[in-house]
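Remember, it's 1-based here, ligands and their atoms both numbered in the order they're listed.
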Amino acid sequence: MQMPVYHIPALLEECMEGLDIKPDGVYVDVTFGGGGHSREILNRIGSKGHLYSFDQDEDAQSNAINDERFTFVYSNFRYLKNFMLYHQVEAVDGVLADLGVSFHHFDDSQRGFSFRFDAPLDMRMNKRSSMTAADVLAVYSEEQLSQIFYLYGELRNARRIASAIVAKRSVAPIMTTGNLLEIVTPFINRKQEKKELAQLFQALRIEVNHEMDSLKTMLKQAVELLKPGGRLVVITYHSLEDRIVKNFIKTGNVEGNVEKDFFGRVETPLRLVNNKVIVPSDEEIMRNPRSRSAKLRIAEKGGE
Ligand SMILES: C[S@@+](CC[C@H](N)C(=O)[O-])C[C@H]1O[C@@H](n2cnc3c(N)ncnc32)[C@H](O)[C@@H]1O
């Protein structure tokens with residue numbers, strides 16, 4: 001039997017151009033996954049360059065690259081700065097983030113990321129963390145669930161779905177993807193069933209893994225870590241994530257507050273490199289349909 005691919009990297013060439021790789025540079029890939037982007041960075045740096053790659057999923061560790069210019073960091077990227085200091089690195093030339101989950105997560109029938117398989121409602125990228133999707137469904141209030149489905153899943157039916165979950169969980173705990181599907185299917189638009197279920201599962205996954213918080217924390221630290229002229233390259237896969245990155249690049253803070261100097265000029269540590277967001281070509285989408293929603297933003301740290 002053929003092993004499923006761990007992941008196919010999105011916008012590979014565009015990311016490399018965005019990083020503007022220097023042979024002696026020090027780079028960080030904060031989302032290692034199958035290592036597609038990391039391998040390409042290693043192909044482009046020389047013997048004095050170095051790459052540190054983070055992943056919080058222990059499965060990704062099995063893809064670690066045997067190369068003396070490579071260091072795998074098994075951690076959430078919210079601890080980016082601490083781990084770099086631990087490795088005695090105070091400044092880097094580029095940080096790459098390819099957010100979200102890998103194909104491996106969706107294709108693993110046991111981890112609950114996909115509605116294609118009946119599995120325990122887990123959805124933790126980091127198997128050491130305590131809260132699973134089943135826990136979220138068991139303890140969050142109706143209002144909290146509704147907010148998650150609306151904000152992270154953009155589901156118009158968020159309130160009705162949350163209300164059905166709260167009604168049913170008092171009868172029996174919601175432990176599996178099958179239990180959840182049974183409850184929510186009546187509220188899903190048949191004509192776009194797959195899309196809406198994917199949005200619902202995405203919303204839960206984002207909450208379970210505190211993805212928005214980690215992203216904001218990482219962005220702040222990435223800017224502090226970048227050398228003047230260093231590059232921040234980020235691929236997002238849904239609108240809320242993209243908005244956070246876009247505002248951060250524009251204003252230099254995750255709140256999106258525009259700060260101006262005495263002359264009314266916007267003060268921000270970053271300069272946008274691509275004015276227009278970069279998306280996969282039709283050819284890439286044909287080859288790799290899961291890259292469809294990828295959006296790439298590139299910024300450069302000022303002061304050089
Ligand atoms: C879209 S995949 C990256 C794929 C990778 N670029 C490649 O070419 O194979 C995202 C990866 O980042 C990891 N990840 C997501 N959020 C993370 C976080 N906060 N800290 C560390 N790793 C994270 C996931 O476990 C997953 O392996």
Side-chain angles (χ1 to χ4, degrees), residues 3-16 18-19 27-44 51-65 70-84 94-108 111-114 122-129 131 152 198 202 204-222 225 232-238 240-242 244-245 254 280 284 287-296:
M3 287 283 282
V5 284
Y6 196 96
H7 192 77
I8 300 175
L11 295 163
L12 185 60
E13 191 52 42
E14 293 85 345
C15 287
M16 296 307 124
L19 282 171
Y27 293 88
V28 189
D29 174 356
V30 295
T31 49
F32 179 67
H37 287 103
S38 281
R39 273 191 190 80
E40 201 48 47
I41 295 172
L42 285 170
N43 285 341
R44 295 174 189 227
L51 172 66
Y52 295 85
S53 295
F54 284 64
D55 206 296
Q56 62 175 334
D57 186 343
E58 66 186 33
D59 291 358
Q61 204 158 0
S62 59
N63 303 318
I65 303 164
F70 176 77
T71 305
F72 182 80
V73 183
Y74 173 34
S75 164
N76 192 307
F77 58 52
R78 65 185 308 139
Y79 304 112
L80 172 63
K81 226 177 143 187
N82 276 355
F83 274 96
M84 296 314 288
V95 175
L96 168 73
D98 176 17
L99 299 169
V101 285
S102 65
F103 296 4
H104 172 73
H105 290 113
F106 289 130
D107 295 339
D108 186 326
R111 294 182 65 179
F113 284 100
S114 170
D122 187 325
M123 298 198 191
R124 288 167 305 164
M125 289 187 222
N126 173 1
K127 296 175 195 168
R128 299 169 295 186
S129 73
M131 193 179 62
Y152 300 160
Q202 168 186 283
L204 269 174
R205 184 205 91 207
I206 290 174
E207 180 60 22
V208 167
N209 295 287
H210 306 297
E211 290 180 37
M212 296 303 142
D213 272 357
S214 297
L215 171 61
K216 290 176 185 171
T217 308
M218 183 273 289
L219 287 173
K220 282 189 220 165
Q221 297 180 14
L225 210 56
L232 175 68
V233 173
V234 187
I235 308 180
T236 62
Y237 293 88
H238 65 86
L240 194 60
E241 206 170 56
D242 183 51
I244 291 173
V245 175
V254 286
E284 173 165 1
R287 195 167 27 85
N288 178 12
R290 283 168 161 175
S291 70
R292 199 182 298 113
S293 49
K295 285 190 174 146
L296 173 64

- Task: Please state whether the rings of Phe54 and Phe83 are parallel, tilted or perpendicular, taking 30° and 60° as the class boundaries.
- Result: perpendicular
According to the interplanar angle, ranging from 0 to 90°, do the rings of Phe70 and Phe72 count as parallel (below 30°), tilted (30 to 60°) or perpendicular (above 60°)?
tilted
**Request:** Output yes when Asp122 and Lys127 qualify as a salt bridge under the 4.0 Å nitrogen-oxygen rule, no when they do not.
**Result:** no
Less than 4.0 Å between a side-chain N and a carboxylate O, is that true for Glu14 and Lys295? no
Relative to the heavy atoms of [X], which atoms of ligand 1 are at a distance of less than 4.0 Å?
X	answer
Gly35	7 (C), 9 (O)
Pro9	8 (O)
Gly33	9 (O), 27 (O)
Gly36	7 (C), 8 (O), 9 (O)
Asp57	25 (O)

Ligand 1 N/O within reach of [X] N/O, cut-off under 3.5 Å:
X	answer
Gln56	yes
Phe77	yes
Gly34	yes
Asp29	no
Tyr237	no
Asp98	yes

Backbone, side chain, both or neither: what part of [X] comes under 4.0 angstrom of ligand 1, heavy atoms only?
X	answer
Leu99	backbone
His37	both
Ser75	backbone
Val101	backbone
Phe32	backbone

Value for NZ (Lys220) from CZ (Arg78), rounded to nearest 0.5 Å, stands at 9.5 Å
Is the side chain of Arg205 donor-acceptor paired with the backbone N or O of Ser114 at a distance under 3.5 Å, no angle test? no
>> I'd like to know if the side chain of Gln202 reaches the main chain of Tyr152, judged simply by a donor and an acceptor atom lying under 3.5 Å from each other, with no hydrogens or angles considered.
In response: yes
For Pro9 and Gly36 the tightest heavy-atom approach is CG-CA, 3.8 Å
Here the pair of heavy atoms bringing Leu232 nearest to Ala222 is CD1-CB, 4.0 Å
Is there a side-chain contact between [X] and [Y], using heavy atoms and a 4.5 Å cut-off?
X	Y	value
Ile206	His238	yes
Val254	Leu215	no
Arg111	Asp57	yes

Of Met125, His105, His104, the one whose closest heavy atom lies nearest atom 14 (N) of ligand 1 is Met125
Check your understanding: Would Gly100 count as a contact of ligand 1 if the rule is a heavy atom under 4.0 Å away?
Key -> yes
Looking only at protein heavy atoms, what sits closest to atom 27 (O) of ligand 1 is Asp55 OD2, 2.7 Å
re atom 19 (N) of ligand 1, the protein heavy-atom contact at minimum distance is Asn76 OD1, 3.0 Å
